[in-house]
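Just so we're on the same page: letters track the sequence lines, and every chain starts at 1.
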Amino acid sequence: MATTRSRQEIDSNSAGNRDRYEPATFEKKWQDRWEREGVYKVPDEVPGKENWFALVMFPYPSGELHIGHWYQYSGADTHARFKRMQGYNVLHPMGFDSFGLPAENAAIASNIHPRIYTETNIVNMRRQFRLMGGSYDWDRELATHQPEYYRWNQYLFLKLYEAGLAYQSRGFANWCEGCQTTVANEQVLDGACERCGTVIARREMDQWFFKITEYADELLQMEHIDWPNKIKVMQTNWIGRSQGVDFQFDISEYGLAEKHLTTFTTRIDTVYGVTFVVLAPEHPLVEQLTQPEQREAVAEYVAQAARTTEIERTSTEREKTGVPIGAYAVNPLNGERVPILIGDYVLATYGTGAVMGVPAHDERDFIFAKKYGLEIRVVIAPDGWDGSDLDGAYLAPGKQINSAEFDGLSSKEGIEKIADKIESNDLGNRRITYRMRDWQFSRQRYWGAPIPIIHCDDCGTVAVPEADLPVELPQESDFKPTGRSPLADDPDFINTTCPDCGKPARRETDTMDTFVDSSWYHMRFASPQLADAPFDADAVKSWLPVHQYMGGAEHAVMHLLYARFFTKALRDLNMVDFGEPYSRLFNQGLLIKDHQKISKRSNPLAPDPLIDRYGADTIRCYLMFLGPWDQGGDWSDDGLAGITRWLNRVWDLCVRDTSGLSSSGDEAAEKELVRAAHKTTRRAVQDLERFKFNTTISALMELSTEMNRQWESGSISASTWSATIDRMLLLTAPLAPHIAEELWERVGHSFSIHSQSLPDWDDDLAADEVITVVVQINGKVRDRLQLVANVSEAEAFEAAFASDKVKVYTDDTEIVRRIYVPGKLVNLVVK
RNA sequence: GGGGAAGUGGCGAAAUGGCAGACGCGCAUGCCUUAGGAGCAUGUGUCUUAAUCGACGUGCGGGUUCGAAUCCCGCCUUCCCCA
């Protein structure tokens, strides 16, 4: 330091030791003192204060906070600080989502044990969160890879398992070759792995599921939560509720055990238009129904379908293919015998894996029928249809024709009446299906919470007794992925005894999806150190549900859906008394740089050098000033100067020598300054509440300009000046916590500004005395009048007619209408 | 293909039925300075003008209204989600 003088030191020396804003000289000092004095420590209850749980989605410990993290976390911190200064008892905790593939893959790449890698990263990121000036209560920090945390993951799993909400089942799972594990449907984007982009394959294996579908209908109820509509729409679409009918075709002629072939349709009104039936290639009856002469073609097609991804199979662009299997099914409503085909656009996992082919009224069936020369029979007549062939499938409602006794009904009535007939004749049932599948949460990887299950040859699947939790991850396992869980190759881990019969047994070796960890972490924050339960009932009552949740929209149908499910399940187990985890949700936008998402791997921008150069407050404010927080922004260094200048100006205003100010200033000037202060307070408080940090900063910039102007006029009293300084600092504190604290001390107040209340505003003091009334002629602005604030309508018109600029347009014309908007505008409509 | 969000100066943006472009960047001119990646002042949508006045102006085209960036309809473009 003695030899390398900073630019700012040189500046201040050459400027005659002027007192300048040098964040490096005090930011750390305040961070240390906030921590030492526990400014952000929060007890569960404070008399006279309402609790406010401000939760921001916790990060993966990837190693470095990048500027995108800063964007997310400084906005959330600003809002939490705002709420604290509004008088709430604010819980704003931080933790680490420290299990999972990113840490594990990075650890493998650098050949370090995932635990060492993760914990090293956490140390660094905790340091960086401090540099940012986050108002976290570090006593409540949690990390999901710690046995103290994941034992409760295992505990909650057991509770769900006992309640029948977790189960193991064999079936086709989404296999990611890149990640060497299965992933849930929610983690497949466009047929590829959400994490690594590898195309997902189908692989049949034993997997664990949570019965999220049991809550499908309740998950659709979102009127009572204050969430962005966008997220609600995405969840609704993901759940994909559709009402339809299971309808049974007769296949008894083949003498199989199964006498019926069940199809699912949402358009039972078109049932008289069925001219074929399509099965998914994986449908269990395909094998038995296929006739000898078709066997070869069918086998080939089934094999080919198995190699095709689900996304390809259902793509609307792709040609629909299929092969007949030589068998027929009888439509019991009209006795018609129609061919059965297999087609890969039918998925085994949706509905019943079989659909009735109605080419006249379904696009895919239409193309399919054209291609294979199948009959296209119209049963829903379009308006004014002349009986000629259709150019394409007719999907809209219409009138039933060719539909036996239902002819003449509207298709809407047809849906109900035909369903009634099917149910009363025992040919099928109304059924609701969902696009959403159960949540497949077992992973064949090392770095996750072991599923606490023991497999015994005699007793079957046995839950690990609660007293034996946690089932700890073995420290010394070879953690490299092999296609099955690395735990399966660790004899010390896998070999155990059955809790029921005591004979040798094997442990389950799959680990849990990390979304299990994050489905309840908000509850753990209420009592993070509790040793004998996942959470303390009283603490949960104090803090939950989360008042304000903040984070990215990319979790819409993953974390946010899973957490809602978990909360409802725990409610039904009488562990909590609410069904929604997050009462209010706000999604910040994405910060990009050079048209790319900022991430550690692809496009890093490290904040540490920026802080060295500009200070944490400058970076925080700059990020918040880019634009509305929910819209995201584009990082560039260009605009930083504006924030630097503003904070310099704030500094300069606060360190001025006020000894020359008089005890009574000029009345008009004082009024003007007070008005500016109250207006700014109103704007800032209202905008902070709505996460409009950019306009909050604009308002504060305007106030600092106005303060300087009034100072120059020399007619402000010492008391008004200092009251305005206080107001400005209090409003700046949530955004720029360090400079606000430093100046709060310098102007003579005691520690800490962050324990103060935000100032109130008085609408009367904020009101202008003179207002500008716009005069329009036929909607065009022709003059602007300066009038007293409480001007009457008559006076306003009188003033308007007196204006020479207006007279030009009103002479020799007839005024047909006059509009008056109080305090704002006069509009004269002339002819 | 379906659903959703958005489109405003050279740039980030503000205004959600009533003065378009607040605030900031950049730029220009001037002041201060040995110096400027510092500070201060003034100006800055386009056309026209010496300057005013005036005209035009919120992706494009229509509509509703005394009045539309804002509401409605159609189109184009970009982004997100789902196929």
Of the nucleotides [options], which has the atom closest to the [X] side chain?
{"X": "A:Val233", "options": "B:C25, B:C19, B:G3", "answer": "B:G3"}
{"X": "A:Val821", "options": "B:G26, B:G18, B:C66", "answer": "B:G18"}
{"X": "A:Asn694", "options": "B:A38, B:A13, B:G18", "answer": "B:A13"}
{"X": "A:Ala641", "options": "B:G26, B:C19, B:G24", "answer": "B:G26"}
{"X": "A:Asn708", "options": "B:A41, B:C19, B:C66", "answer": "B:A41"}
{"X": "A:Arg649", "options": "B:A15, B:G24, B:C19", "answer": "B:G24"}
{"X": "A:Trp238", "options": "B:G26, B:C81, B:C82", "answer": "B:C82"}
{"X": "A:Met701", "options": "B:A14, B:G18, B:C23", "answer": "B:C23"}
{"X": "A:Arg817", "options": "B:A83, B:A22, B:C66", "answer": "B:C66"}
{"X": "A:Lys692", "options": "B:A14, B:A22, B:C19", "answer": "B:A14"}

Between [X] and [Y], does at least one N-O distance fall below 4.0 Å, as a salt bridge requires?
{"X": "A:Glu702", "Y": "A:Lys679", "value": "no"}
{"X": "A:Arg20", "Y": "A:Asp652", "value": "no"}
{"X": "A:Glu689", "Y": "A:Arg584", "value": "yes"}
{"X": "A:Arg709", "Y": "A:Glu672", "value": "yes"}
{"X": "A:Arg267", "Y": "A:Asp362", "value": "no"}

Phosphate-side-chain proximity, [X] and [N], N/O vs OP1/OP2 below 4.0 Å:
{"X": "A:Arg435", "N": "B:A83", "result": "yes"}
{"X": "A:Lys230", "N": "B:A6", "result": "no"}
{"X": "A:Arg645", "N": "B:G26", "result": "yes"}
{"X": "A:Arg818", "N": "B:C66", "result": "no"}
{"X": "A:Arg782", "N": "B:C19", "result": "no"}

If I take atom [atom1] in residue [X] and atom [atom2] in nucleotide [N], what distance separates them, rounded to the nearest angstrom?
{"X": "A:Lys232", "N": "B:G3", "atom1": "NZ", "atom2": "C1'", "value": "17 Å"}
{"X": "A:Ile592", "N": "B:G12", "atom1": "CD1", "atom2": "C1'", "value": "12 Å"}
{"X": "A:Ile367", "N": "B:G1", "atom1": "CD1", "atom2": "C1'", "value": "11 Å"}
{"X": "A:Arg20", "N": "B:C40", "atom1": "CZ", "atom2": "P", "value": "10 Å"}
{"X": "A:Arg683", "N": "B:C23", "atom1": "CZ", "atom2": "P", "value": "9 Å"}
{"X": "A:Asp634", "N": "B:C25", "atom1": "CG", "atom2": "C1'", "value": "14 Å"}
{"X": "A:Leu647", "N": "B:G24", "atom1": "CG", "atom2": "P", "value": "13 Å"}
{"X": "A:Leu825", "N": "B:U65", "atom1": "CG", "atom2": "C1'", "value": "14 Å"}

Have a look at B:G67 and give me syn or anti from its glycosidic angle (syn if within 90° of zero).
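Anti, which is what one calls it when the glycosidic angle falls more than 90° from 0.
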Would you indicate what A:Ser636 reaches in the nucleic acid, counting non-hydrogen atoms under 4.0 angstrom: base, sugar-phosphate, or nothing?
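Answer is nothing: A:Ser636 stays at 4.0 Å or more from every strand.
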Tell me what A:Glu702 touches on the nucleic acid: a base, only sugar-phosphate, or nothing, going by heavy atoms under 4.0 Å.
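Since only primed, P, OP1 and OP2 atoms lie under 4.0 Å of A:Glu702, the category is sugar-phosphate.
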Between A:Asn237 and A:Ser698, just flag the one whose closest nucleotide in RNA chain B comes earlier from the 5' side.
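With A:Asn237 and A:Ser698 compared, the 5'-side residue is A:Asn237.
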Using heavy atoms to find the nearest nucleotide of RNA chain B for A:Ile643 and A:Ile819 separately, return the residue whose nucleotide is more 5′.
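Its nearest nucleotide lies further toward 5', so the answer is A:Ile643.
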Looking at A:Trp227 versus A:Phe586, is the centre-to-centre ring distance below 6.0 Å?
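So the answer is no for these two rings.
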Say you draw a straight line from CE of A:Met624 to NZ of A:Lys692; how long is it, rounded to the nearest 0.5 Å?
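Here the interatomic distance stands at 13.5 Å.
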